[in-house]
Amino acid sequence: METRSDLRTEELLINMGPQHPSTHGVLRLVLTIDGERVVQAVPHIGYLHSSMEKIAEAKTYRQYMPFADRYDYLNAMGNELAYVRAVEKLCGIEVTPRCEYIRVIMAEMNRIASHLVYFGTLGLDTGSWSPFLYCFREREAIIQLFEDTSGQRLLYHYFRIGGLRNDLPSHFCDKLAEFLDYFPARINEYNDLLTNNIIFQRRMQGIGYLSPELCRRYSVTGPNIRGAGIPYDIRRVVGYSVYPELEFDIPTRPEGDAYARHLVRVEEMRQSVRILKQCLEKLPEGEINVKVPRRLKPVVGEVYERVESPRGELACYLISDGSEKPWRLHWRAPSFYNLQVLPELLKGAYVADTVAILGSIDIVLPDVDR
């Protein structure tokens, strides 16, 4: 059979987004494609820009607290943790042991809730509807505990500089222990539905390869770097709060593809269950707040405080000029850095794999476009 050597193809420029269902937020991806292959991908941000870092310069340290929730809204408790720890470090404030444990409990619950959203939406991205419903069933149990504690279901404003808004409700520990007992079996159920599904595996395996070298070059962190075989986790590297007192593993996978990143997040939910069980066993009695001056004026200086969010290294950089308001605030947001590597992952991929690869890096757009 003869082949035609004079046939030519032309590259085509297409826009993916900005619409929420296909781009995980108001992200515009400009794809240059040759047939079904992606030649180049350029992420365009700016459709959500909210100037929340600039707003900090007009707010006191306490007034800015509710804004912290609104960056990575799927990790609001973790955002609050980074901010209050930065202010407390700047002011030399040391919180009580009970407060530290409750903060870790909230952060790990939020990690599970965030990964459940990731799991369910990745199912939608790859053509499976049922996992989304199941994941939101379990997420609802966590959200209900957040609502019982803080009065809110998404943006909590629960942490305070020097402590917490209020102590845990009387039924909290029993309800959380009940959730932790049945949740691992539910993870197995999710795996039967999606992770171990041969169609899903063929969709995810071997695409979006992220090498350790690329991770370092682009400052990728979180499950994405651990899916490339690097056991980098701020909870271990820095050992902040009460994490050094707790036993847990840092899941890694050597493959570096989209499926490896998925497996890391699934195992992270199991490790968060381990952490939460230990926190409930070790949770001390006592006060949750320490005395903090009504007019908070940190000394002149700067601080960089980082925590491990569900998406990687989340840090708050604060500069104080000695007044009641920050002179400068900046967030080191993991989604922003992880998004940078997306063009590398999409080179040579099929157009049909684009959404699956994007879903596998698990970005939240307010965390990028702040």
Side-chain angles (χ1 to χ4, degrees), residues 14 16-17 19-25 27 29 31 33-39 41 74 112-140 182-211 214 220 222-229 251-271 310-311 338-339 341-364:
I14 64 171
M16 178 175 285
Q19 66 264 11
H20 195 284
S22 77
T23 52
H24 290 254
L27 169 69
L29 282 177
L31 302 179
I33 63 172
D34 185 355
E36 288 295 317
R37 294 283 186 177
V38 176
V39 177
L74 295 180
I112 293 175
S114 176
H115 284 347
L116 286 173
V117 174
Y118 152 80
F119 197 110
T121 53
L122 187 68
L124 294 179
D125 289 341
T126 52
S128 180
W129 173 254
S130 297
F132 182 80
L133 302 177
Y134 283 96
C135 287
F136 269 65
R137 177 188 63 188
E138 268 63 70
R139 180 175 178 268
E140 178 62 26
Y182 70 73
F183 182 60
R186 299 292 170 86
I187 297 177
N188 295 337
E189 189 176 329
Y190 305 154
N191 286 337
D192 289 340
L193 280 169
L194 189 68
T195 307
N196 300 329
N197 186 299
I198 189 63
I199 299 174
F200 177 76
Q201 291 176 349
R202 289 181 177 177
R203 284 294 310 271
M204 300 293 288
Q205 290 173 346
I207 66 169
Y209 176 68
L210 180 59
S211 68
L214 271 180
V220 173
N224 296 317
I225 194 173
R226 294 190 284 274
T252 60
R253 297 288 302 187
E255 297 88 353
D257 59 6
Y259 191 66
R261 295 189 283 275
H262 174 75
L263 294 177
V264 166
R265 292 188 180 93
V266 172
E267 182 58 29
E268 280 192 3
M269 290 193 285
R270 298 188 190 276
Q271 295 304 317
R311 270 151 286 284
N338 296 343
L339 179 62
V341 80
L342 184 62
E344 299 279 2
L345 305 187
L346 292 180
K347 283 180 183 176
Y350 285 107
V351 176
D353 293 331
T354 301
V355 175
I357 294 172
L358 174 62
S360 77
I361 65 172
D362 190 27
I363 60 169
V364 172

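The first residue in the sequence is number 1, and the count goes up from there. Only a predicted model underlies this, so the values are computations on that prediction, with no experimental measurement involved. Every heavy atom of this structure was used, including side-chain atoms; hydrogens, water molecules and symmetry mates were not.
- Applying the side-chain hydrogen bond (donor to acceptor under 3.5 Å, both in side chains) definition to pairs two or more places apart or across chains, those involving residues 346-355 are Arg37-Tyr350.
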Query raised in the report: Where do Met204 and Leu263 land on the side-chain contact (heavy atoms from CB on, under 4.5 Å) test, with the steps shown first?
Result: CA-CA 11 Å; Met204 300 293 288; Leu263 294 177; over 6 Å; no
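- Taking CG of Asn338 as the reference point, atom CD1 of Ile225 lies at 9.0 Å (rounded to 0.5 Å).
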Query raised in the report: Please walk me through it: do Phe200 and Leu122 pass side-chain contact (heavy atoms from CB on, under 4.5 Å)?
Result: CA-CA 10 Å; Phe200 177 76; Leu122 187 68; 3.7 Å; yes
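- Taking the centre and axis of the six-membered ring of Phe183, the NZ or CZ atom of Arg186 falls outside the cone set by 45° and 6.0 Å.
- Here the options are Val38, Ile207, Ile361, Leu358, the test is side chain to side chain contact (heavy atoms under 4.5 Å, CB included), and the partner is Leu345; only Ile361 passes.
- When every heavy atom of Ile33 is checked against every heavy atom of Gly35, the shortest pair comes out as CD1-O, 3.7 Å.
- In this structure, CG on Leu74 lies 8.5 Å from OG1 on Thr121, to the nearest 0.5 angstrom.
- Taking CD1 from Ile187 and CE from Met269, the interatomic distance works out to 5.0 Å, rounded to the nearest 0.5 Å.
- In terms of modelled atom types and a separation under 3.5 Å, the side chain of Arg265 and the main chain of Pro310 share no donor-acceptor contact.
- Taking the side chain as every heavy atom from C-beta outward, Asp125 and His24 approach each other to under 4.5 Å.
- In terms of heavy atoms, Arg261 sits closest to Asn224 at CD-OD1, 3.1 Å.
- Interatomic distance, CG of Leu116 versus SG of Cys135, reported as 5.0 Å (0.5 Å rounding).
- Taking all atoms of both residues into account, the shortest heavy-atom contact from Asp257 to Gly206 is OD2-N, 2.8 Å.
- Taking Arg253 as the reference, Glu255 meet the salt bridge (charged side-chain N to carboxylate O under 4.0 Å, His left out) condition, with sequence neighbours excluded.
- At most 12 heavy atoms of other shown residues, nucleotides or ligands fall within 6.0 angstrom of atom OH in Tyr134.
- Taking the side chain as every heavy atom from C-beta outward, His115 and Pro223 approach each other to under 4.5 Å.
- Residues Leu31 and Ala41 come closest through the heavy atom pair CD2-CB, 3.6 Å.
- Proximity of Leu346 to Ile357: side-chain heavy atoms (C-beta onward) are separated by under 4.5 Å at one or more points.
- Here the closest non-hydrogen pair linking Tyr118 and Ser360 is CE1-CA, 4.3 Å.
- Summarising the geometry, atom CD belonging to Gln201 is positioned 11.5 Å from atom OG1 belonging to Thr126; distances are rounded to the nearest 0.5 Å.
- Nearest heavy-atom pair across Pro131 and Leu193 is CG-CB, 4.3 Å.
- Evaluation of the salt bridge (charged side-chain N to carboxylate O under 4.0 Å, His left out) rule for Arg137 yields Glu189 as partners, not counting sequence neighbours.
- Residue-environment remark: CD1 (Ile199) stays at or below the threshold of 12 foreign heavy atoms within 6.0 Å.
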Report task. Run the numbers on Thr195 and Tyr190 for side-chain contact (heavy atoms from CB on, under 4.5 Å), then give the verdict. Result -> CA-CA 7 Å; Thr195 307; Tyr190 305 154; 5.7 Å; no
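- Looking only at distances, no side-chain donor or acceptor of Tyr259 sits under 3.5 Å from a matching main-chain atom of Arg203.
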